[in-house]
Amino acid sequence: MTEKPHIRTVPELMRLEREFFTRDVLDVAPGLLSKMLAIKSINGNIRKYYISETEAYRGSDDKACHACRGRTPRTEIMYHEGGRLYVYFVYGMYWMLNIVTGTENNPQAVLIRSLENCTGPGRITRLLGIDKSFYGEDLVTSDRIWIEDSSITPVYMAGPRIGVDYAGEFWKNKPWRYYL
DNA sequence: TCAGTGATTAGG
DNA sequence: CTAATCACTGAG
């Protein structure tokens, strides 16, 4: 007897397009939870990790956002439309991975703080091999890093951002850190 | 709790 | 040029 071979349906994971990133950072930051970060190594291996913690940095008014000091060589990319990477070096040791959001000349970004299996923004960039060469990379067109949609609707919490005590009571207390 | 580490920035 | 600052981590 012949039986039709069983076809297992794997949910198709689509790359997130420009429109996902050009929304306000307060929509994109929680929206990235449970999405899949995909990165291709130099040897062609593709690794994928669920995003589990993010933080929103919102415009030049936000005293915790690097753009509050204006447009500088480092913050330049934040002034582009959403979808680019803002990568910078801090504390002499760690690369921070941020995704630019919003529209042109409206500096915003999401800090990726944790993945499913790795907590801490400095640790995840070490795991992924993110460095200065990723500054400005476009998640919509890059062939080495992108984000895929998932069918998961995350249940998440929100709380104050980490490490921004210098920003003053008003901005440091904003519940713009999102986590599963 | 606290040192390590160096790019970035403002100011002179 | 100088010095302060810093979206952190790991050891104790």
Side-chain angles (χ1 to χ4, degrees), chain A residues 16 20-35 37 39 47 49-139 142 145 147 154 156-180:
Chain A
L16 296 182
F20 181 89
F21 302 104
T22 52
R23 295 175 298 150
D24 189 273
V25 71
L26 296 185
D27 294 322
V28 179
L32 281 168
L33 294 172
S34 294
K35 296 288 189 283
L37 175 61
I39 189 154
R47 292 175 290 156
Y49 306 92
Y50 284 111
I51 295 170
S52 58
E53 183 183 4
T54 61
E55 264 176 8
Y57 289 87
R58 190 168 188 257
S60 49
D61 292 338
D62 178 2
K63 290 291 181 292
C65 180
H66 289 166
C68 74
R69 296 189 162 270
R71 199 165 181 152
T72 67
R74 183 176 66 158
T75 61
E76 166 67 25
I77 198 67
M78 289 181 108
Y79 291 78
H80 287 237
E81 70 173 353
R84 303 298 198 95
L85 295 187
Y86 169 40
V87 175
Y88 69 92
F89 195 63
V90 76
Y91 295 119
M93 287 182 231
Y94 306 107
W95 294 100
M96 298 289 108
L97 172 61
N98 297 253
I99 298 172
V100 174
T101 70
T103 52
E104 196 175 0
N105 293 318
N106 184 15
Q108 306 183 332
V110 178
L111 172 65
I112 306 301
R113 290 196 65 90
S114 298
L115 303 175
E116 56 188 311
N117 53 349
C118 185
T119 62
R123 286 178 179 164
I124 67 162
T125 52
R126 197 173 54 189
L127 171 77
L128 298 170
I130 299 287
D131 61 17
K132 187 77 177 174
S133 76
F134 283 83
Y135 182 95
E137 194 90 0
D138 191 348
L139 290 174
S142 174
I145 186 167
I147 297 187
Y156 65 89
M157 318 250 274
R161 293 172 291 182
I162 306 292
V164 296
D165 290 351
Y166 61 85
E169 290 299 310
F170 183 77
W171 293 103
K172 106 179 186 196
N173 291 330
K174 292 279 184 195
W176 290 353
R177 168 176 170 249
Y178 307 95
Y179 53 99
L180 297 182

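In what follows, chains are A, B, ... by sequence order, proteins preceding strands, each numbered from 1.
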Taken to the nearest whole Å, OH/A/Y88 to P/B/dT8 is 12 Å
Under the 3.5 angstrom rule, does the side chain of A/S142 hit a backbone N or O of A/L139 as a donor-acceptor pair?
no
Give A/R161 one of three labels, base, sugar-phosphate or nothing, depending on what nucleic acid heavy atoms sit under 4.0 Å from its own.
nothing
Using only side-chain N and O atoms of A/K132, determine if any of them is under 4.0 Å from OP1 or OP2 of B/dT8.
yes
Take the protein atom CG of A/D131 and the nucleotide atom C1' of B/dT5, then report the distance between them rounded to whole Å.
17 Å
Side chain of A/I162 only, heavy atoms from C-beta on: which candidate in C/dA7, B/dG6, C/dC8 is closest?
C/dC8
Rounded off to whole Å, could you give me the CD-to-C1' distance for the A/E53 and C/dC8 pair?
13 Å
Taken to the nearest whole Å, OH/A/Y135 to P/C/dA7 is 15 Å
Expressed as a whole number of angstroms, how long is the span from A/Y57:OH to C/dA7:P?
7 Å
Donor-acceptor contact below 3.5 Å, side chain A/Y135 vs main chain A/R74:
yes
Does the side-chain ring of A/Y91 sit on the six-membered ring of the B/dG4 base, less than 5.5 Å centre to centre and under 30° in tilt?
no
Which of parallel (below 30°), tilted (30 to 60°) and perpendicular (above 60°) describes A/F89 and A/W95?
tilted
What nucleic acid atoms does A/K172 come within less than 4.0 Å of, heavy atoms only: base, sugar-phosphate, or nothing?
nothing
Just how far, in rounded Å, is P of C/dA7 from CG of A/L97?
15 Å
Spacing between A/I130 atom CD1 and C/dC8 atom P, to the nearest angstrom
17 Å
Sequence neighbours left out, what passes ring-ring contact (aromatic ring centres under 6.0 Å, His included) with A/W171? Give chain and number order.
none
Hey, does the side chain of A/Y166 reach the backbone of A/A64 with a donor-acceptor pair shorter than 3.5 angstrom?
yes
The reported gap from CE in A/M96 to CD1 in A/I112 (rounded to nearest 0.5 angstrom) is 12.0 Å
Within the sub-3.5 Å range, which N or O atoms of nucleotides 9-11 of chain C have a protein N or O partner, and how far apart are they?
unit_1, atom_1, unit_2, atom_2, d
C/dT9, OP1, A/G120, O, 3.3
C/dT9, OP1, A/P121, N, 3.1
C/dT9, OP1, A/G122, N, 2.8
C/dT9, OP1, A/R123, N, 3.3
C/dT9, O4', A/Y94, OH, 2.7
C/dG10, OP1, A/R126, NH1, 3.3
C/dG10, OP1, A/R126, NH2, 2.8
C/dG10, OP2, A/R123, NE, 2.6
C/dG10, OP2, A/R123, NH2, 2.6

Do A/L26 and A/R58 come within less than 4.5 Å of each other through their side chains, counting heavy atoms only?
yes
Look at the side chain of A/E55 and the backbone N and O of A/I162, then say whether any donor-acceptor pair between them is shorter than 3.5 Å.
yes
How does DNA chain C look in dot-bracket notation if pairs are Watson-Crick or G-U with both distances under 3.5 Å, crossing ones as [ ], other-strand ones as |?
||||||.||||.
What is the separation between atom CZ on A/R69 and atom C1' on C/dC6, rounded to the nearest whole Å?
11 Å
Considering all heavy atoms, the nearest A/Y86-A/A109 contact:
CD2-CB, 4.5 Å
